[in-house]
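This report refers to the structure that appears directly beneath it.
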Amino acid sequence: MTVDEAEDLQMDPEHVWVGTAQDDAVANNTSDYTLGRDPTLGGFGGNNFEVDTHGHSGYWDSGPYGPSESLATRTPRCRGWKRVPR
């Protein structure tokens, strides 16, 4: 993100979702240099979600038992649903 707060994205902050895998090298190593402050650290606004995958592209992984929770909940969030079905 290159903005300081979710509301700076010129959309309703309730439609902004942020989450980072613990070992996401892009987020962990470049946030303060090229992408701005890490929005998951608090004070950004929007909705934080827990990430249950690894690495920068792991958000899209599907395992032997189906998609990761991060992947399974992506569609409802993108569609603007306030409640994510479990």
Side-chain angles (χ1 to χ4, degrees):
M1 297 286 169
T2 55
V3 297
D4 294 324
E5 298 177 345
E7 63 185 23
D8 295 337
L9 294 169
Q10 299 182 13
M11 61 188 299
D12 183 346
E14 286 300 311
H15 293 280
V16 176
W17 294 85
V18 294
T20 304
Q22 288 183 347
D23 60 350
D24 184 331
V26 174
N28 293 336
N29 297 315
T30 63
S31 285
D32 291 331
Y33 300 108
T34 61
L35 302 175
R37 192 176 150 277
D38 184 346
T40 64
L41 296 178
F44 182 76
N47 301 284
N48 283 26
F49 66 94
E50 187 173 330
V51 175
D52 63 339
T53 57
H54 299 282
H56 187 64
S57 61
Y59 308 104
W60 305 106
D61 288 351
S62 185
Y65 303 106
S68 67
E69 186 171 342
S70 299
L71 179 59
T73 59
R74 179 81 61 184
T75 298
R77 289 184 186 123
C78 290
R79 293 191 65 170
W81 297 348
K82 290 193 183 251
R83 293 180 153 250
V84 176
R86 300 262 173 195

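Basis for what follows: all heavy atoms, side chains included, without hydrogens, waters or symmetry-related copies.
Contact detail for Thr20 and Ala27: the closest heavy-atom pair is CG2-CB, 3.4 Å. Of all non-hydrogen atoms in Glu5 and Gly43, the two that sit nearest each other are CG-O, 4.2 Å. Annotation for Ala6 and Gly46: closest pair CB-N, 3.8 Å, computed over non-hydrogen atoms. Residues Val26 and His56 come closest through the heavy atom pair CB-ND1, 3.5 Å.
At least one donor-acceptor pair closer than 3.5 Å links the side chain of Asp23 to the backbone N or O of Gly55.
No side-chain heavy atom of Phe44 sits less than 4.5 Å from a side-chain heavy atom of Asp38.
Separating the CD atom in Gln22 from the OG1 atom in Thr53 is a distance of 10.5 Å, to the nearest 0.5 Å.
Residues Met11 and Val18 share a hydrophobic cluster, clusters being chains of Ile/Leu/Val/Met/Phe/Trp/Tyr side chains in contact below 4.5 Å.
Under the side chain to side chain donor-acceptor pair (under 3.5 Å) criterion, Asn48 pairs with no residue, sequence neighbours left out. Partners of Asp8 under the side chain to side chain donor-acceptor pair (under 3.5 Å) rule, at least two apart in sequence or in another chain, do not exist in this structure.
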